[in-house]
Structure formats: structure tokens, C-alpha cells
There are 4 protein chains.
Amino acid sequence: MTSRKSFGSDNHAPAHESVLRMLTDASVGDAHAYGDDPLTERASAELRDLSGAQEVLFVFTGTAANVLGISLLVRPFEGVICAESAHLNIDECGAAERVLGTKLLPVPVPDGKLTPRAIASRLGGRHDEHRVQPAAVAITQATELGTCYSIEELAELARFCRQEGLRVYMDGARLANAAASLGCELRDLSSQVDILSVGGTKNGAVGAEAVLVMDAQLTASAPYLRKQQMQLASKMRYLAAQFIALLSDDLWLRNAGHANEMAARLGEEIAGLPGVELWQPVQSNAVFATLDPVLIEELQQDWSFHVWDEAAHVVRWMTAYDTTEADVDQFVLAIRQAVTGAGAGRG
Amino acid sequence: MTSRKSFGSDNHAPAHESVLRMLTDASVGDAHAYGDDPLTERASAELRDLSGAQEVLFVFTGTAANVLGISLLVRPFEGVICAESAHLNIDECGAAERVLGTKLLPVPVPDGKLTPRAIASRLGGRHDEHRVQPAAVAITQATELGTCYSIEELAELARFCRQEGLRVYMDGARLANAAASLGCELRDLSSQVDILSVGGTKNGAVGAEAVLVMDAQLTASAPYLRKQQMQLASKMRYLAAQFIALLSDDLWLRNAGHANEMAARLGEEIAGLPGVELWQPVQSNAVFATLDPVLIEELQQDWSFHVWDEAAHVVRWMTAYDTTEADVDQFVLAIRQAVTGAGAGRG
Amino acid sequence: MTSRKSFGSDNHAPAHESVLRMLTDASVGDAHAYGDDPLTERASAELRDLSGAQEVLFVFTGTAANVLGISLLVRPFEGVICAESAHLNIDECGAAERVLGTKLLPVPVPDGKLTPRAIASRLGGRHDEHRVQPAAVAITQATELGTCYSIEELAELARFCRQEGLRVYMDGARLANAAASLGCELRDLSSQVDILSVGGTKNGAVGAEAVLVMDAQLTASAPYLRKQQMQLASKMRYLAAQFIALLSDDLWLRNAGHANEMAARLGEEIAGLPGVELWQPVQSNAVFATLDPVLIEELQQDWSFHVWDEAAHVVRWMTAYDTTEADVDQFVLAIRQAVTGAGAGRG
Amino acid sequence: MTSRKSFGSDNHAPAHESVLRMLTDASVGDAHAYGDDPLTERASAELRDLSGAQEVLFVFTGTAANVLGISLLVRPFEGVICAESAHLNIDECGAAERVLGTKLLPVPVPDGKLTPRAIASRLGGRHDEHRVQPAAVAITQATELGTCYSIEELAELARFCRQEGLRVYMDGARLANAAASLGCELRDLSSQVDILSVGGTKNGAVGAEAVLVMDAQLTASAPYLRKQQMQLASKMRYLAAQFIALLSDDLWLRNAGHANEMAARLGEEIAGLPGVELWQPVQSNAVFATLDPVLIEELQQDWSFHVWDEAAHVVRWMTAYDTTEADVDQFVLAIRQAVTGAGAGRG
């Protein structure tokens with residue numbers, strides 16, 4: 001990895017110093033295992049207060065949060081409607097299918113956001129025993145494409161799903177970025193769904209995610225399913241401590257807000273460049289742009305970032321809580337040079 | 001939790017300060033995610049060197065290590081012979097059955113240790129399509145009952161399994177305690193099996209286990225299965241860092257050796273007490289003893305430990321890397337007082 | 001296969017002529033697929049009337065009936081208590097584990113019959129998230145060992161399970177033999193459980209089993225699960241027709257009663273022979289006996305039957321609806337000759 | 001169901017009289033269970049001879065054949081590329097996902113036929129541990145849309161898949177219709193794939209399908225997986241007998257050829273009618289047409305058939321081995337009357 005700031009992923013960043021400090025502070029004396037300790041109780045209580053959740057379950061990864069959350073909502077013959085681009089559908093190596101036996105019912109949507117109309121397109125075959133029965137909808141906030149559902153969009157979607165008897169799960173691996181972007185509280189988002197995850201890892205944690213169960217009727221199975229899904233930490237205090245650090249003084253929102261600002265800065269700077277086009281609006285900490293593949297290759301010699309869609313020449317540039325204005329400006333300069341040919345002598 | 005040292009579990013202890021320090025040291029700058037970083041390469045290389053493994057996979061929990069390890073050895077119609085008391089069989093909420101669809105074939109064994117004879121008792125029905133086909137044997141070192149397989153016992157078991165076409169998986173959640181107890185190298189243990197886990201969590205880590213694949217033919221699927229089983233850490237460097245700390249200056253062996261010594265001290269002190277009997281030989285960091293249930297109840301008012309078998313009045317007392325001689329002596333005093341009636345005025 | 005009557009299994013017999021005739025009678029004109037046809041409605045209604053069931057689902061095999069029935073009773077972290085000798089546990093190649101992800105909790109019982117005490121031995125660890133939660137009990141009537149639960153035993157078991165919050169599934173692959181043996185109605189058996197299967201195949205059908213769901217709250221998922229478990233017949237009329245034939249004029253009870261009588265005759269005749277001992281009481285259409293292994297080998301040269309337990313020299317002799325008195329007498333003669341050495345010149 | 005011939009499905013037809021006769025012929029004396037009988041050996045041998053298969057496994061349903069076939073080709077982290085319209089994807093209530101834990105990778109194709117180009121669109125993410133790894137391609141012959149792959153198309157597809165390291169499974173629920181349509185031998189089709197099913201049920205059987213494994217390296221697990229997937233018939237002779245009947249004097253091809261002719265006749269007759277358009281070419285025993293929804297509703301009052309796509313006004317009319325020219329002509333007359341308004345006085 002070069003010494004230049006990575007725009008490859010928000011999980012390239014190290015853990016935030018407050019998180020690390022809290023791990024050390026948590027390391028005093030014995031604590032009961034498996035969550036029966038004061039730190040876990042404290043972190044859970046704080047998340048319950050902020051969200052209105054009935055139950056909080058800490059897990060290790062975003063994939064695990066998605067699988068656990070969904071496992072509380074569907075039986076084996078029931079399916080989950082999701083965006084075709086959803087992490088759940090593309091990037092989890094079939095964990096939901098393997099672990100839950102659940103069929104995903106993906107819908108192509110251009111901006112990563114499901115709509116009532118998109119969901120309705122997957123509701124055929126209800127009460128037909130040959131068909132997987134749609135029972136839940138999985139949305140992502142912020143989406144894999146860096147877009148955010150507005151509160152109104154979420155409310156409309158929730159209304160539609162309630163009418164149709166569909167439960168809603170929200171993948172919040174980047175929920176902080178969405179909350180910061182919308183300027184809203186956690187409760188504004190959590191109140192629209194049945195279960196959601198709140199990601200810590202991409203927002204400055206070492207590795208910790210929380211699953212929030214909003215409906216008291218869904219909580220009874222949760223501890224068993226978490227254990228069975230290999231997500232029960234014995235030294236749970238260390239997952240809890242990470243959330244305590246992130247929730248202190250709104251660090252989670254400040255980290256996310258800063259990353260969002262850096263993405264906005266990057267987006268604004270490159271928007272006007274010849275041959276560079278924003279592929280999605282910049283609503284969180286991601287900038288998706290299209291670019292000449294020759295330039296992409298040239299930039300990747302010095303900078304770390306992903307090509308999102310090779311055929312369509314789409315790149316993804318992520319910012320993190322520790323991306324600086326100088327990092328952005330240096331990267332913008334490199335892009336500008338590549339675009340204007342100043343860097344053409346290279347490679 | 002009282003301020004007295006817990007004898008409830010070795011995972012009640014906090015992380016070792018060297019482990020915490022290494023987490024902080026690891027927090028410098030960006031690192032590629034999912035294991036493509038220098039710390040993961042270093043920790044893997046150290047474990048490969050010590051064990052002769054072809055592949056090292058870090059995961060979050062002991063249950064996950066067991067499931068991942070076994071998933072590399074069996075196809076869905078194949079079963080796993082294990083001790084009835086195995087963690088895999090009793091304490092993992094059916095993870096292997098759920099995630100792998102595998103049937104376990106448990107054998108009751110008095111000391112938690114499988115023998116060729118015990119394994120042979122489960123080999124009926126081979127080539128009968130109505131029967132799950134035994135394909136692997138899962139052993140635990142040190143066992144759930146605190147006993148250890150000797151190197152000779154492991155070698156004999158390995159020989160038998162090879163003859164019978166059975167693969168061997170070793171659950172090493174407390175492998176360090178076994179190695180310290182036997183005074184052997186990691187390689188002495190790893191060379192007897194096809195796949196093993198090496199536990200960090202119970203030995204001073206925050207939460208990290210390693211799966212070591214000894215046979216190069218078994219490695220190809222491993223990365224996919226780890227991801228699908230929700231065990232791929234994005235910030236992998238933090239799992240690796242824990243192992244780097246534990247392997248430095250043999251901290252893993254020193255921690256385990258100390259815990260073992262404390263268990264030995266405890267075992268020796270209480271062995272002679274009237275009404276107290278060792279239920280298993282003390283060969284690692286656990287003391288299993290039988291005790292009058294009235295005394296058990298009385299002791300549990302002040303001390304944290306588990307009743308292993310209520311009907312048989314068996315208790316389990318675990319020591320940890322941070323258990324002190326004073327802790328043991330204070331606990332022994334309490335047991336002695338209970339046994340001799342000095343504490344009878346209580347409760 | 002020799003021309004001598006097989007004592008190997010009741011499924012060695014061909015289909016009963018009434019069953020075959022009904023298949024032909026059913027072959028007139030079109031019928032809607034998947035059970036929406038008059039014959040399926042008629043067979044279901046007859047079974048509902050006889051049993052009090054809320055829902056009747058026809059499936060192809062006994063293994064499928066067990067898996068479907070149990071899938072209606074347990075969630076993935078819940079386990080099923082069964083006899084160690086249960087078909088479900090031994091002879092279904094791990095179908096329950098694979099298809100349902102369910103852990104079976106087997107109990108060794110000498111006569112194949114669970115008791116409240118045996119069930120209670122598996123109820124440890126309730127409310128402990130590390131343990132599979134016992135949620136259902138699977139019994140077999142008649143058992144794999146040819147024994148039958150009395151109505152009183154069933155009632156006591158049902159009472160115990162209700163108290164303990166356990167559902168009861170009854171594997172009725174040989175339910176007809178049990179009903180004939182007890183001289184009871186289908187309803188006397190079905191009323192004691194939540195779900196049961198009624199076997200046709202071993203009782204004169206070509207291949208058909210019925211799953212009877214007694215509790216209306218359990219029926220909603222059943223059609224989907226049957227389809228997902230690959231048990232939805234498109235030409236369902238042909239499964240239904242087999243049951244119509246078996247239920248006509250109590251053919252199911254007459255077939256089973258005759259098979260039972262033949263087993264009783266066989267049991268009585270051989271009980272007194274030197275070196276032959278009944279291993280289980282003869283309560284259905286199976287005779288289990290112990291015999292010198294040399295004699296077993298000699299008898300198997302001319303006769304088809306299974307060695308049930310090689311180590312204990314136990315053989316199983318099954319009778320079928322079409323076993324005749326002459327068949328039994330001829331077999332008894334052979335056994336007698338073997339035992340008395342008259343046949344010792346052979347092999 | 002009205003007395004008019006159903007155009008709803010080829011499984012509305014009864015079993016062919018030759019099949020029924022063979023069931024009766026098979027009902028003589030005892031036969032070993034689970035396929036160890038002469039009829040099963042005979043049917044298997046005939047299918048092996050016709051196809052070049054290494055192993056033949058009889059199962060109960062088309063869904064089961066698909067799941068068993070695919071289970072021999074993929075490991076749990078591997079996916080199956082299929083047409084979005086595939087029965088496997090739409091009409092099996094998620095059996096593949098539930099039973100195998102496999103993710104399907106569906107591609108929308110207008111005529112139900114995969115092409116190398118369509119398959120290639122799903123090959124992204126190879127060697128990326130986050131992605132399900134494409135390992136097999138499932139095609140249907142004849143397709144759910146009544147179209148057939150030509151031999152050349154199959155060969156091209158096979159070549160492409162071999163190059164890409166993909167195995168090929170062919171769902172042959174209507175393979176007979178494809179063979180009759182192409183005028184080819186079973187071997188011409190089987191030789192292009194690794195595993196295929198041959199459907200009996202829709203072609204005059206009571207209920208029987210065969211899975212043909214072409215590659216000897218894939219056969220070892222098959223018997224266990226069939227049992228575990230609840231598809232091992234105890235009285236296997238009755239599945240085998242159905243295939244013996246269908247293979248005698250090429251009844252399978254004659255039945256399918258007749259059904260195809262009836263579909264062709266129907267297609268030709270209605271092709272010219274105003275407001276009626278063929279939606280797919282008629283290449284087997286299905287006619288897909290678009291029609292005014294008012295007319296659809298009117299026709300459905302007297303005739304049994306399915307609306308395939310409500311939004312697009314597509315209907316599906318299936319013919320069967322027992323559809324007569326008179327049936328077709330009567331139906332054509334009804335369509336003609338509906339279209340020309342002669343029937344407008346109704347409903």
C-alpha cells in the first residue's frame with residue numbers, strides 16, 4: 001500500500017484513537033462472558049435509548065448483521081426482496097442462501113434504492129406453493145452506490161410494506177453516513193423499520209456491528225440465532241466498548257459527517273473535469289464517477305480505489321473519517337493531471 | 001461480578017496488555033482490507049512456520065473455527081465423529097448442523113478423549129446409503145474436561161484414522177494449554193491432524209482464533225467458506241495483531257503455562273480435603289471436582305464458577321493467564337472453610 | 001431373490017391388488033395437478049374424518065414424512081428428542097440435519113420407546129443460548145424394534161410433553177401395525193400428538209405416505225414446505241388413490257393385522273427353540289431374535305432377512321400383508337433344522 | 001374440471017395405459033427394496049444404453065431431479081447460472097437454496113434459452129472471496145417457454161462452458177418433447193452435458209423422473225445425496241417400471257411427438273387470428289400467445305389453461321400425449337369465436 005491516502009474503502013482506515021483507548025479502559029479485571037457484563041449493558045442501553053430498539057445484539061461483521069437480522073424475519077420458504085446491487089446479494093458469498101436457506105428476490109434499481117413500485121414487481125405468486133413467498137424487504141442506508149433514502153422515502157416504503165405484510169430490514173453498515181447526510185437522529189431511521197444494523201467498522205471501530213430489533217415480538221429467538229450463526233463474542237465487553245466510544249460525544253456522527261464532507265469536496269472538485277462524470281449523486285462518503293479506462297489504469301498506479309463496473313468505466317472513491325482535505329486535494333490534483341494529459345508521460 | 005478472581009471461565013479475564021498494545025501499534029495508517037495487509041501476512045507466516053500449515057485463516061470465535069475447519073473436511077452426507085462432551089456437540093447451539101447440514105456422531109467417553117476403539121464404534125453402516133458416512137473425527141486438545149491427549153495418543157489416533165480414511169480436525173480453543181502441559185511445540189500437535197484451530201481468546205486475546213490447514217489440497221475453498229460463514233474480518237490486521245502479540249516471546253505458552261500452574265496448585269490443595277474429589281486429572285487450566293451440593297451453593301455466593309453436572313455434583317474451576325497464586329490461595333481457603341464447616345454459619 | 005418369501009422387509013412385498021386397481025380407476029381423464037383434484041379431496045377427507053386432522057399432506061417416502069412433519073414443529077435453533085434407534089436418527093442419511101438444519105437429541109432406550117424420564121434426560125440447558133433448545137419429541141409407532149406404545153403410555157407422554165412445552169411428532173411408517181396390534185382407531189393414536197405420519201408403503205401401497213397435522217395453527221406453512229422439500233406430486237391423484245384403496249373396507253387394518261399375526265406365529269414357533277431368544281416382545285410385524293452367528297449365516301443362504309446387530313447376534317424377521325402361514329411354517333422349519341443341526345451339512 | 005380437454009398442463013393427463021399395465025406386471029412376488037431389483041437394473045441399463053450415462057437415479061419429481069442433479073455439481077459457495085424463467089428459479093419454492101444452500105445466478109433471456117453471451121454476463125467476480133463462484137450452468141430442454149435448443153446451440157454452449165470450467169446440468173422434465181422436436185436420439189442431448197434429468201411424469205408416467213450422470217467421477221456421492229434428499233423409493237421397481245413402459249417401442253418419443261404435433265396444429269390454427277399473436281415459436285408441446293385480457297377471461301370460463309404473464313397478456317396452452325385433434329379443433333373453434341365476437345354474448 002502506498003503512503004498516499006486510500007480511496008479504496010472506508011475500512012482501509014485504522015480504528016479511531018477513542019475506540020482504541022476504550023478497549024484499554026475496558027481491560028480492567030474480570031467480566032462475565034457472552035454479554036453479561038456492565039459495558040455490554042451500557043452500550044446496549046445507549047443504543048436502545050437512541051433508537052427505541054427492544055433488543056441490541058453485537059456481532060462481528062456487516063455480513064453477519066445482515067444474516068442475523070434477516071433470520072429473525074423470514075421462515076425458510078419466505079424470500080427477501082432487495083436491490084440487485086445490495087451487498088447481501090452480491091458481496092456476501094451467498095451467506096444468506098447458505099446459512100438461512102433463504103432465496104433473495106433482487107430487483108435492478110439504478111440508484112441502489114428500492115421503491116414501492118420496484119418491490120411490487122416482486123410480489124407475484126403470493127399464496128402459490130410453487131413460489132418463494134416474499135416476506136421481507138432489505139434496504140441499505142446509505143446504499144452501496146452512496147445514495148441515501150430520504151426520511152420521506154423511508155416512510156413511504158414502510159407504509160407500503162406494512163400494507164403488503166412485508167417486514168423491513170435495513171442494512172446500516174454506513175448508517176452513520178446516512179444519518180449525518182440527512183441531519184437526522186438514529187431514531188428517525190430506526191423507527192421506519194423492523195430490524196436494522198448499525199455499522200461501527202467503517203466508521204472508526206476495530207470491528208463491531210450492532211443489530212437493533214425494534215419489535216419486541218421478534219426478540220425471543222435472537223440470542224440463540226446469534227450463537228448458532230457464530231457471532232456470540234465471549235469477551236463481549238470489547239465489542240460493546242467500541243460502540244461506547246463511537247456514541248460518546250456523537251463521535252459516530254462526527255466521523256461520518258467528516259467523511260461525507262470529504263466525499264462532497266472530492267465530488268465537487270472533479271465534477272467539472274472534462275471526461276469525468278458523476279455516476280451517482282454524492283450523498284454519503286462515496287463518489288461514483290465514470291472515467292476513460294486509460295485514465296483509470298493510470299490513476300491506479302499511485303492511488304488505491306476500486307473499479308465498480310469495468311464495462312461502464314465506473315470507479316468508486318470512498319472517503320473515511322480520517323481522510324483529510326489535503327488527501328482530497330492531492331487526489332483531485334492527480335485526477336486533474338491525468339484528465340488533462342499532464343500525467344500522460346507515465347505508465 | 002464480585003471483586004474476587006473468577007474461576008468461572010478463562011474468558012472472564014481481560015485481554016493481555018501486550019495484545020492491547022499491539023492493537024494500538026497496528027493502528028497506523030491505511031491497510032488493505034480482508035487480510036491483504038502486512039500484519040496478516042506476518043502473523044500467518046509465523047503460524048505457518050511454527051505449525052507447518054499450508055494456510056492460516058483468522059476467525060472471530062471458537063465455534064466459528066470449528067465450523068469452518070469441519071466444513072473443509074466433509075460433504076453434506078458425511079458425518080463427524082466426536083466426543084459426546086465436545087463443545088461442538090453441546091455448546092454451539094447446533095451451528096454445525098445448521099450451517100453445514102452435517103450430522104455429528106457423538107460417542108460417550110469418560111475423560112473427553114476419543115480412542116480408536118471409541119471411533120470404531122461409530123463406523124457401522126459404511127457404504128450404506130441410508131447412513132450418514134463417517135468422514136472426519138473431531139477431537140479437542142485440551143478437552144472440555146481439562147484432559148490432554150499425549151503425543152503418543154494423538155499419533156495412534158492419527159494412524160487409525162488414516163487407515164480408516166477419516167480426516168482429523170482438532171479443536172484447539174485451549175491448544176496453548178495443551179502444548180504447555182505436554183511441553184511440546186505447536187508442530188508436534190499440528191502434524192498429527194489435517195486441520196486444527198489455535199485459540200487466542202481464552203489465552204489473553206481480545207477475541208481471535210486461527211484455523212490452520214495442514215493439507216495443501218484442502219485450502220482452495222477455504223477463503224470462500226470463511227466469507228460465507230461470516231468470518232471474514234474487513235480490518236483483518238486487528239485479528240492478526242493479537243496473534244503477533246501472543247506469539248512474541250512465546251507469550252501464548254507462558255500465559256497458558258501460568259494458567260496451568262495455577263490449576264495444578266488449586267488441584268493439589270483441594271485434593272486432600274474431605275468430601276472433595278478430583279473428577280478428572282488436572283492436565284491443563286481446569287479443575288473438575290465433586291463436592292457436596294450444599295457446599296457448592298455456599299461457595300457460589302462469593303465465587304464465580306460453573307456447576308458442570310448438577311446430578312453428579314461436579315464443579316468446574318478454571319484458571320486464566322492472570323490468575324495469581326494469591327487468588328488460588330484465597331479460593332482454596334474458602335473451599336477449606338466451607339468443607340470444614342467454618343463457613344457453615346452463612347447462607 | 002429366491003422364490004422363498006422374504007423376511008427381509010415389509011417393503012419387499014408388491015403393492016396390494018386393490019391399490020393397483022385403484023390406480024387404474026384413477027386414470028380417467030384430466031385432473032388438476034398438485035392436489036386440486038377430487039381423489040385427493042376424497043382421500044384427505046377420509047383421513048381427516050378418521051383422525052381429526054386439520055390438514056393432510058401426501059408425500060412419497062417415510063423419510064420425507066418425518067422431515068416435513070418435523071419442519072412444521074421446530075425452528076432452526078430448536079432440537080428434536082428421539083430414540084437413538086429412531087429411523088430419523090439412523091437410517092435417513094442425515095436428512096433432518098441437512099434439510100432442516102435441526103439437531104437431533106437422541107436418547108438410548110432399550111425397547112425403542114421414549115418415556116418421560118428418557119425425555120427429561122435431554123432437557124438440560126433450556127434458556128441457555130449455547131444449547132440447542134429442545135422443542136419437539138419424535139416417537140415411532142410401531143417402533144423400529146417392533147414394539148408398540150400403549151394408549152396409556154402415549155397419553156402419559158403427551159401429558160409430560162405438554163407440561164414441558166414440547167410438541168410431539170409420531171413417525172407412523174407402521175402406524176397400521178400399531179393400530180391393529182392395539183385394536184384401536186386411528187383417532188386414538190392421532191389425538192395424542194401434534195403431527196403424525198401414516199405409512200402406506202409398508203402396508204400394501206406402491207409408495208405413499210400421509211402427514212396429518214392435528215393443530216390448525218401449524219398448517220399454514222405446510223404446503224410451501226412440502227413443495228420446498230420436493231414432495232409435491234404433480235399427479236397427486238395417484239398418491240391419493242393408494243390411500244383410498246387402503247382405507248376402503250379397512251384394508252389398511254386388515255393388511256397390518258394379518259402381517260402382525262404372521263409375526264406372532266413366527267415368534268411363538270421359534271421362541272422355544274434351543275439357542276434362539278426373542279430380543280424384543282413381538283407387538284407388530286417384526287420378530288427380533290438372537291441366534292448363533294453360524295446359524296444366521298446358514299439361514300441367510302436361503303432366506304432373505306437382516307442382521308440387526310452383528311455384535312449382539314440379533315436378527316430381524318419382518319412379515320408383510322402377503323406373508324402366508326405356509327411361508328412362516330416353511331421358515332420355521334428351516335430355523336428349526338438349522339438349530340437342531342439337521343441343516344449342518346450345508347454351506 | 002370441465003369435461004373439455006385441459007390445456008392447462010401436460011400433467012393434467014392421466015398415466016398412459018402401458019405405464020399402468022407395467023405397474024401391474026411389476027407386482028409379482030417380492031423384490032429387494034431401494035433399487036436392488038431386476039426391474040430397476042433393467043430400466044437403468046436401458047437408459048444407460050440410450051444415453052451413455054454412467055449412473056441412473058430414479059426420483060419422484062422434477063424439482064427433486066433438479067436439486068439432486070445440481071447437488072452433484074456444486075459446493076456450497078458455488079453458484080448456478082440459469083435463465084431467469086427457469087423452473088429451478090421460479091417454481092420450486094426455493095428448494096435449491098434451502099436444500100443445497102446454493103445461490104442461483106439468473107439471467108433474463110427472452111426465449112428461455114441461455115447463450116454463451118448470457119452466461120458470460122454472470123462470470124464476474126471469479127476468484128473474489130466475496131462472490132459466489134459460478135460453477136455450473138443449468139439449462140432446460142425443452143424450455144419453460146416451449147422453445148428448444150438445437151444440437152448446434154447445445155454444442156456451442158457445452159464448448160463455452162468447458163472453456164470456462166463450468167459444468168452443465170440439463171433439466172429435461174420435457175426432454176422427450178425436445179428429442180421428438182429435434183428428431184434426435186437421447187444420446188445426442190445427453191452427450192452435451194454433465195448431468196441431465198429425463199422426465200416421465202409429463203409424458204405419460206404416474207410420477208417418475210430419472211437423473212442421468214454422464215461423468216463417472218460424479219457418481220460416488222449420488223446414492224447418499226438421493227437418500228438425504230428424500231428421493232430413495234423403497235419399492236423402486238415401481239419407478240423403474242414406468243420408465244420400462246415409456247422406453248418400450250419408443251413410447252416416450254411417440255407420446256411426446258404426438259403432443260408436439262397437437263401444439264403445432266394449435267399454433268398454426270390460431271396464428272392468423274386477429275388479436276392473437278404467438279409469443280414464442282412453437283417447438284415442443286406448448287403454445288404461448290398474447291391475447292386481449294377480456295378474451296382470456298372469457299375463454300377461461302370453459303377451458304383450463306394458465307395466464308403466463310398477466311401484465312403482458314400472455315397465455316400458455318399445453319398439449320399432452322392424449323390431446324386429440326378433435327380437442328385442438330374444438331379449442332381453436334372456441335378461440336376463434338371469442339376473437340371474432342361470436343362468443344361475446346357470454347360472461
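Letters A, B, ... are given to chains in the order of the sequence lines, protein chains preceding strands, and every chain is numbered from 1.
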Atom CZ of C:Arg117 with >12 non-hydrogen neighbours under 6.0 angstrom: no
I'd like to know whether C:Thr102 forms a side chain to side chain contact (heavy atoms under 4.5 Å, CB included) with B:Glu97, so could you lay out the CA-CA distance, the side-chain angles of the two residues, the decisive distance to 0.1 Å, and finally the verdict. CA-CA 6 Å; C:Thr102 292; B:Glu97 288 87 351; over 6 Å; no
Select, from C:Leu105, C:Asp91, C:Val99, the one with the greatest count of heavy-atom pairs under 4.5 Å involving chain B. C:Asp91
Which heavy atom in B:Pro76 sits nearest to a heavy atom in C:Arg98, and how many Å separate them? CB-NH1, 3.0 Å
Show the numbers, then the answer: is there a side chain to side chain contact (heavy atoms under 4.5 Å, CB included) between C:Leu104 and B:Lys103? CA-CA 9 Å; C:Leu104 302 181; B:Lys103 189 178 184 70; 3.7 Å; yes
Let me know if C:Glu78 has heavy atoms under 4.5 Å from chain B in its side chain, its backbone, both or neither. neither
Around atom CD of B:Glu84, are there more than 12 heavy atoms from other residues, nucleotides or ligands closer than 6.0 Å? yes
